[in-house]
Q: 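My questions will all concern the structure given below.
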2 protein chains.
Amino acid sequence: MTTRAVPGPRERLLEAAKELTYAQGVGVGVDALLKSANVARRSLYEHFGGKDGLIAEVLRLTAAEDEAAYEQTMRAAGDDPRERLLAVFDWLGEVVAAPDFRGCRYLGAELALADPDHPAHAVIRGYREHLHELFERELRALGHPQPAGAADQLVLLIDGVLAVGAIRPDSRPAAAARRLAEHTVGDRRLSTGGS
Amino acid sequence: MTTRAVPGPRERLLEAAKELTYAQGVGVGVDALLKSANVARRSLYEHFGGKDGLIAEVLRLTAAEDEAAYEQTMRAAGDDPRERLLAVFDWLGEVVAAPDFRGCRYLGAELALADPDHPAHAVIRGYREHLHELFERELRALGHPQPAGAADQLVLLIDGVLAVGAIRPDSRPAAAARRLAEHTVGDRRLSTGGS
DNA sequence: TCCTAGATAGACCGTTCGGTCTATCGACCA
DNA sequence: TGGTCGATAGACCGAACGGTCTATCTAGGA
C-alpha cells in the first residue's frame with residue numbers, strides 16, 4: 001500500500017516538519033514536531049531513524065516540490081527560453097512578498113547544521129545542481145555562448161533574491177535581480193546567434 | 001578604564017563567541033562559550049544580560065569589523081569609484097575561498113533566530129543599510145543614474161556570492177558576480193555621463 | 001590596613017533536548 | 001477467534017539547555 005485514504009503518521013510527520021522546520025528553523029524540538037503532527041514518539045524513529053533522518057527527508061520532499069514549481073513557472077511562461085528564464089524572477093517576487101516568507105529553507109539548513117556529515121547537506125547540493133541543470137538547458141536552447149557560467153549567475157541571483165528577501169522583503173529584490181538576469185541571458189538579438 | 005593591558009572577561013567572551021557562533025551557529029550552548037573563553041558563568045550575565053545580549057553584541061562588533069573591511073578594500077583599490085566597487089568582489093572571492101568560510105554570519109543568524117523581537121535582527125538590518133549607503137555613495141560619485149537601485153543590485157550580488165559560497169565554494173561565485181556587477185555599475189563610458 | 005568591586009568556581013534550578021523503553025490499543029487477515 | 005503488525009501513549013534515560021545562586025579569591029584605592 002503506497003497510497004492511503006487518510007494521511008498516516010509518516011505523512012503527517014513530514015507535513016508538520018515541513019512547516020515547523022521552515023517557520024522555526026531546523027532547530028525545532030522533536031516534541032514540538034510530534035505534537036504538531038499528532039504522532040507517537042516511536043513512529044518518528046520507526047520511519048526516519050531519528051530527527052536527522054526526518055530533516056533530510058523533509059528537504060528531499062520540498063526539493064521535489066520546489067523543483068516542480070520552477071518547472072511549472074517556466075512551462076507557464078511559454079516556449080521562448082528567454083521568457084521562461086525571466087519568468088522565474090517574476091515568480092520569485094511573489095514568493096518573497098508572501099507574508100510567511102522566511103528566506104531559503106535550504107540555505108537556512110545549510111548554515112544551521114554545523115556537522116558536515118549531516119545527510120541534509122547532500123540533499124541541498126543535489127537540489128542546487130538540479131536547478132543549475134534546469135537553467136543550463138534553457139540557456140543552451142537559447143544558444144547562449146556560456147550556458148554553464150550563465151546558469152551559475154542565475155543561481156547566484158536567485159540566492160541573492162532569497163537572502164535579501166529574508167531581511168528586507170519590502171525592497172523588491174526580485175525586480176533588481178530580474179534586470180541583472182536579463183543581462184545574463186542576453187538581449188533578444190542574441191537568440192538569433194550573436195557572438 | 002576602557003582599555004586594559006590584558007583582555008578582560010568581556011573581551012575574551014566576545015572573541016570566543018565571535019568564533020563559535022560562526023563555526024557552530026548561534027545555537028551554540030552557553031557552556032561551550034564560557035569554556036572556550038575561560039570565563040565564569042556569572043560574567044556573561046553581568047556583562048551582556050544573557051545569551052541573546054551576547055549574540056547581539058557579537059554581531060555589532062563583527063558588523064563594525066566587516067564594514068571596516070569593505071571600506072579598506074575600497075580604499076586600497078584607488079580613487080576610481082568603479083574600480084573601488086568591483087574590488088569588493090575580488091576580495092569576496094578570497095573570503096569565500098578561505099578554508100573556514102561557512103557563509104554569511106548575519107544571514108545565518110537571521111534565519112536561525114525565529115523570534116522577530118530578538119535584538120540581533122535590528123543589528124543585522126543596520127549592517128545591511130550601512131553597506132547599501134556605502135555603495136550608493138560610490139555610485140553617486142560615479143554619476144550613476146540610479147544609485148539606490150544599483151546599490152540594491154550590488155548588495156543582492158554580495159548575498160548571492162556568500163550564499164553560493166556556503167554551499168559550493170569551489171564554483172567561484174565571486175567571479176560570476178563580478179561580471180554582473182560590472183554591468184550594474186555601468187561601463188567606463190558611462191562615468192562621463194551616458195544616458 | 002581595610003574595604004570594595006570584579007572576577008572566579010561551581011553547585012543548583014527547572015526545563016528541554018534527542019532517544020529508548022514498555023504496555024496497550026485497534027485494524028486487518030487467516 | 002486468535003494472531004500479527006502498526007500505531008498509540010507516555011514513562012523514562014542521561015545530557016544539555018539558559019539562568020540564578022553562594023562563596024571565595026584578588027587587585028586597586030583610600
Side-chain angles (χ1 to χ4, degrees), chain A residues 1-21 23-59 108-109 112-121, chain B residues 1-21 23-59 108-109 112-121:
Chain A
M1 287 294 179
T2 59
T3 63
R4 27 171 106 234
V6 73
R10 183 186 151 91
E11 286 73 21
R12 296 204 305 276
L13 203 38
L14 281 174
E15 188 61 27
K18 187 172 83 173
E19 295 181 8
L20 275 183
T21 58
Q24 315 263 3
V26 293
V28 233
V30 167
D31 288 342
L33 294 169
L34 298 175
K35 187 176 180 183
S36 169
N38 225 300
V39 150
R41 202 167 184 76
R42 176 153 200 166
S43 301
L44 191 163
Y45 295 92
E46 288 288 335
H47 285 295
F48 304 102
K51 188 192 176 187
D52 289 349
L54 172 60
I55 288 178
E57 193 61 32
V58 164
L59 291 179
L113 301 173
D115 176 12
D117 295 330
H118 195 289
H121 294 302
Chain B
M1 287 295 177
T2 58
T3 63
R4 22 171 110 236
V6 72
R10 183 188 150 92
E11 286 72 22
R12 296 205 306 276
L13 203 38
L14 281 173
E15 187 61 27
K18 188 172 84 174
E19 296 180 5
L20 275 183
T21 58
Q24 315 264 2
V26 293
V28 233
V30 167
D31 288 343
L33 293 169
L34 298 175
K35 188 175 179 182
S36 169
N38 225 300
V39 150
R41 201 169 187 75
R42 175 152 200 168
S43 301
L44 191 162
Y45 295 92
E46 289 289 336
H47 285 294
F48 304 102
K51 187 193 176 186
D52 290 348
L54 173 59
I55 289 179
E57 193 60 33
V58 164
L59 291 180
L113 300 174
D115 176 12
D117 294 329
H118 194 290
H121 295 302

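All values derive from a computational prediction rather than experimental measurement.
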Q: Can you check the A:Lys51 NZ to C:dT20 P distance for me, whole Å?
A: 15 Å

Q: Could you tell me whether A:Arg10 contacts a base, only the sugar-phosphate backbone, or nothing, with contacts defined as non-hydrogen atoms closer than 4.0 Å?
A: nothing

Q: Rounding to an integer number of Å, can you tell me how far B:His118 NE2 sits from D:dG18 C1'?
A: 12 Å

Q: Look at the side-chain N and O atoms of A:Arg41 and state whether any lies under 4.0 Å from the OP1 or OP2 oxygen of C:dA23.
A: no

Q: So does B:Ser43 get a side-chain nitrogen or oxygen closer than 4.0 Å to the phosphate oxygens (OP1/OP2) of C:dG6?
A: no

Q: Take atom CG of A:Leu34 and atom C1' of D:dA11, then tell me their distance rounded to the nearest Å.
A: 15 Å

Q: Grab the CG-C1' distance between A:Leu44 and C:dC21 for me, whole Å please.
A: 15 Å

Q: Would a 4.5 Å heavy-atom cut-off, applied to side chains only, mark A:Leu34 and A:Leu44 as touching?
A: yes

Q: Go through the steps to decide whether A:Glu15 and A:Lys18 satisfy the test salt bridge (charged side-chain N to carboxylate O under 4.0 Å, His left out), and finish with yes or no.
A: CA-CA 5 Å; A:Glu15 188 61 27; A:Lys18 187 172 83 173; 3.7 Å; yes

Q: I need the CG-C1' distance between B:Leu54 and D:dG18, as an integer number of Å.
A: 12 Å

Q: Within the 4.5 Å heavy-atom criterion, are A:Phe48 and A:Val58 side-chain neighbours or not?
A: no

Q: Any non-hydrogen side-chain atom of A:Leu14 less than 4.5 Å from a side-chain atom of A:His47?
A: no

Q: Please tell me which of the listed nucleotides, D:dA9, C:dG19, C:dA7, lies nearest to the side chain of A:Asn38?
A: D:dA9

Q: Considering only C:dG18, D:dT8, C:dT8, which nucleotide approaches the side chain of A:Pro9 most closely?
A: D:dT8

Q: Between A:Arg42 and D:dA11, is there a side-chain N or O to OP1/OP2 distance below 4.0 Å?
A: no

Q: Can you give me the closest heavy-atom contact between A:Leu20 and A:Ser36, atom names plus distance?
A: CD1-CB, 3.7 Å

Q: C:dA5 C1' sits how many Å from B:His47 NE2, rounded?
A: 12 Å

Q: Could you tell me how far apart B:Lys35 (NZ) and D:dG18 (C1') are, to the nearest whole angstrom?
A: 18 Å

Q: How close or far is atom C1' of C:dG6 from atom OH of B:Tyr45, stated in whole angstroms?
A: 18 Å

